Number of protein chains: 2
Amino acid sequence: MSLADVASLAGVSPGTVSRALSRPDMVQPDTRQRVREAAERLGYVANGAARALAMRRTATVGALIPRFGGSSFPSMVQALESTLAEHGYTLLLSAPDHARARDPALLRTLLERGVDAVALLGSDHPPAFHAMLAAHPRPCVRLWGAPDGPGPCVTFDEGAAIDAIVDHLAALGHRRLAFIGGRVADNERARWRRHGLLQAVARRGMTLADDAMIECDYGFREGHVAMQALLARRLPVTATLCGNDYLAAGALSALHAAGWEVPRRMSLAGFNDNDFAPFLQPPLTTVRVPIAEMGERAGLYLVDALAGRAPAAPALLAAGLVARGSTGEAPRG
Amino acid sequence: MSLADVASLAGVSPGTVSRALSRPDMVQPDTRQRVREAAERLGYVANGAARALAMRRTATVGALIPRFGGSSFPSMVQALESTLAEHGYTLLLSAPDHARARDPALLRTLLERGVDAVALLGSDHPPAFHAMLAAHPRPCVRLWGAPDGPGPCVTFDEGAAIDAIVDHLAALGHRRLAFIGGRVADNERARWRRHGLLQAVARRGMTLADDAMIECDYGFREGHVAMQALLARRLPVTATLCGNDYLAAGALSALHAAGWEVPRRMSLAGFNDNDFAPFLQPPLTTVRVPIAEMGERAGLYLVDALAGRAPAAPALLAAGLVARGSTGEAPRG
DNA sequence: TTGTACGCGTTATCAA
DNA sequence: TTGATAACGCGTACAA
């Protein structure tokens, strides 16, 4: 079942079939019709490998996605894929488990498959990745990474977000904070956030003790366990910042379980990856992170770059700031 | 940068380079070494399109994933990808947004890219998909679908799960239930669950009124809103079943917000897609759904089929039954 | 407007 | 063990 088969059935040459299907305007209407019917009847599906070989392009963008099971990446990926699809590109995902996330073979596989462009999600892709991309130049964009890394990156301003939420807590009289966030070891972004947090806290004369910071994965259960650990340490903390709303929801449930009133005895606040923090009870004050927007802008950037246009949608920082929900005042004295 | 370049640098023929890289044992150690060094120095990356064209295979499995942003698919996909990767296959994802989920062009793109096998996630893929797959035969497995659909399907027994949870509620004295679940219109599986639920309820002389059933997407926010709607209807319900733990968590927060005590005034129970229902406050009784196991078994099935083995890991129903957490007794009288 | 023929980069067959 | 050569299926100059 190849072009040749369709051609003989339609009584034309293979070249004509190719044109009739890929560039209909180059062929006479009746021929086009005959070819289409023949292709339809045979259930013809083009061989993408041959096409890619001949055209030297694949209309495909590869995405490398560590921590795929996490909370926010799926929405970002879906936004990216939608945007690319609108412009005729297919998104090719590589979603390795954690152990393989930094394996150079991953990117190599994408390149071998001939992706026209690459999206790197998350932080701390190994130097080998960037070396390979330098050796095989093509449009590339990072998402949800650190802005000072190599190449363009669609991300948002952690510093501004941190400032907004810490300001909010400071205004309510909180002085001693705790923090439940992502692992710092393998995540440049988490380091960035942590650094910004420490700065913001220091700037306002607040404290955030080392043993009041817990690193864990971004999940409901993890937040629950982390808050249990914090409570067991009996720290004089009045507010806890959570890295995303799953962590916040888990922490909230741990507080409920321990009989701590929120926000009277402990305030919770955090970063809102999934838009449900306002629905928690009590609703939490959060900084909204523009997840889907990041996927969309990254897609537009790549589309422009692939089209040879100067990327009209530059990979700029989008700061997400909207605080909402409620946070309690710190107890007096 | 092609085989030929590597060949001339190494002073051998292109064929030898191909062998040295793909089947090292077929070439003399010193030649192999020279070739490898040349390839390394040039940063050679094979052209997958050419390889696919010559070998007539791609070592790639395509997955079609509607509702990608949903709660459980990412974990299932990651398990699938890990399993396939262990056996040398790359997973090629197509994650369309809802509007495009049933577009035949999706599957066509996968086929054009030459996937050796296909995984269909979720239910209700259009007949056109199965027609195309019949016309282009290759291993195919459905995940999280209805077992009586076309071809093999890795799924679990909704009926048994429903029975377990309804039994539990019945034993606690509940008679009037509500249900918050997925949309029935576009989801064979949700229909299956709903049907099983109605059967189970009827069998035990319980009631589940039409206006006590709410269809919505599987999310925290959706569960919250749904429970608010249920409360507004002032139905004489003592327990609410939730389609997954996001819905349950959302429903729980709505109950908290309304000042309803759980489980004294309203019991919650449901299906646990994400393993955090036991961490809610109070912990909910749930039926655990074996998400990752499904991804893994589907992967093994495809690997076997691709290797020409009779699929040693048949796509059978895996029933997930473990109830845990706590549910309150129904109020007397 | 359509047919012909070549090239894309790799693997596989066959001879050396 | 290695080199030469013929596919693989499609796009596209170029010729008709």
Side-chain angles (χ1 to χ4, degrees), chain A residues 1-36 38-39 42-60 88 90 108-116 135-136 138, chain B residues 1-36 38-39 42-60 88 90 108-109 111-116 136 138:
Chain A
M1 44 273 80
S2 71
L3 269 191
D5 301 310
V6 180
S8 62
L9 178 57
V12 296
S13 77
T16 301
V17 175
S18 174
R19 283 183 289 254
L21 297 178
S22 308
R23 312 173 53 175
D25 47 314
M26 287 185 67
V27 78
Q28 204 124 20
D30 56 335
T31 331
R32 188 194 311 160
Q33 189 55 27
R34 281 215 316 286
V35 170
R36 281 186 170 156
L42 271 64
Y44 171 72
V45 171
N47 182 322
R51 173 182 287 161
L53 196 55
M55 297 188 37
R56 299 149 152 275
R57 65 185 293 269
T58 58
T60 292
T90 299
R108 186 185 203 81
T109 300
L110 285 183
L111 294 180
E112 285 189 354
R113 274 198 80 76
V115 295
D116 294 333
H136 300 268
R138 67 203 63 202
Chain B
M1 45 271 77
S2 72
L3 268 191
D5 301 311
V6 180
S8 62
L9 178 57
V12 296
S13 76
T16 300
V17 175
S18 173
R19 283 184 291 253
L21 297 179
S22 309
R23 313 176 50 177
D25 47 314
M26 287 184 68
V27 78
Q28 204 125 18
D30 58 334
T31 334
R32 187 194 312 160
Q33 190 54 26
R34 281 214 317 287
V35 170
R36 281 187 170 154
L42 271 65
Y44 170 72
V45 170
N47 182 321
R51 174 180 287 163
L53 194 56
M55 297 188 40
R56 299 147 150 275
R57 68 185 289 270
T58 57
T60 292
T90 300
R108 185 185 203 81
T109 300
L111 293 180
E112 284 189 354
R113 275 199 79 76
V115 296
D116 294 333
H136 300 269
R138 66 204 65 203

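Residue numbering restarts at 1 for every chain, and letters A, B, ... go by the order of the sequence lines. Since we're looking at a predicted model, the values are computed, not measured.
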Validation: residues 20-30 of chain A side-chain donor-acceptor distances under 3.5 Å, sequence neighbours left out:
unit_1: A:S22; atom_1: OG; unit_2: A:S18; atom_2: O; d: 3.2

Residue pair B:A39 / B:V6: nearest heavy atoms and the distance that separates them: N-CG1, 3.8 Å

Suppose we screen for side chain to side chain contact (heavy atoms under 4.5 Å, CB included). Which residues come up paired with A:A46, at least two apart in sequence or across chains? A:Y44, A:R51, B:E112

Under 4.0 Å from a heavy atom of chain B: give me the 5'-most and 3'-most nucleotides of DNA chain D that qualify. D:dT1 to D:dG9

Across all chains, not counting sequence neighbours, the side chain to side chain contact (heavy atoms under 4.5 Å, CB included) partners of B:T58 are A:R113, B:A52, B:T60, B:D116

Hey, what bend do you get for the helix from C:dT1-D:dA16 to C:dA16-D:dT1 if you fit axes on five pairs at each end, rounded to 10°? 40°

Could you check whether A:S18 gets within reach of a base, just the sugar-phosphate, or nothing at all, counting any heavy atom under 4.0 Å? base

Residue pairs, two or more places apart or on separate chains, that pass salt bridge (Lys or Arg N to Asp or Glu O under 4.0 Å) and touch residues 3-21 of chain A: none

Give one of base, sugar-phosphate or nothing for B:R56, where a contact means two heavy atoms less than 4.0 Å apart. sugar-phosphate

Proximity to DNA chain C (any heavy atom under 4.0 Å), residues of residues 44-54 of chain B only: B:Y44, B:A46, B:N47, B:A50, B:R51, B:A54

How would you give the extent of chain A contacts on DNA chain C, as first and last nucleotide 5' to 3' within a 4.0 Å heavy-atom cut-off? C:dT1 to C:dG9

Using every non-hydrogen atom in the two residues, find where A:A59 and A:G88 come nearest and quote the distance to one decimal. CB-O, 3.9 Å

Minimum heavy-atom distance A:L53-B:A50, with the two atoms named: CD1-CB, 3.7 Å

Of residues 4-16 of chain B, the positions that come close to DNA chain D - non-hydrogen atoms, cut-off under 4.0 Å: B:V12, B:S13, B:T16

Taking side chain to side chain donor-acceptor pair (under 3.5 Å) as the definition, give me every residue that meets it alongside A:T90, ordered by chain and number, with sequence neighbours left out. none

Answer with base, sugar-phosphate or nothing: what part of the nucleic acid does B:L3 contact at a heavy-atom distance below 4.0 Å? base

Where is the tightest heavy-atom contact between B:A38 and B:A10, given as atom of each residue plus distance? CB-CB, 3.9 Å

Distance from A:M1 atom CE to A:L9 atom CG, nearest 0.5 Å? 13.5 Å

Below 4.0 angstrom, which residues in residues 22-30 of chain A have at least one non-hydrogen atom near DNA chain D? A:S22, A:R23

Would you please name every residue forming a side chain to side chain contact (heavy atoms under 4.5 Å, CB included) with B:A54, sequence neighbours left out? none

On a heavy-atom basis, the closest approach of A:R138 and A:V115 is NH1-O, 2.7 Å

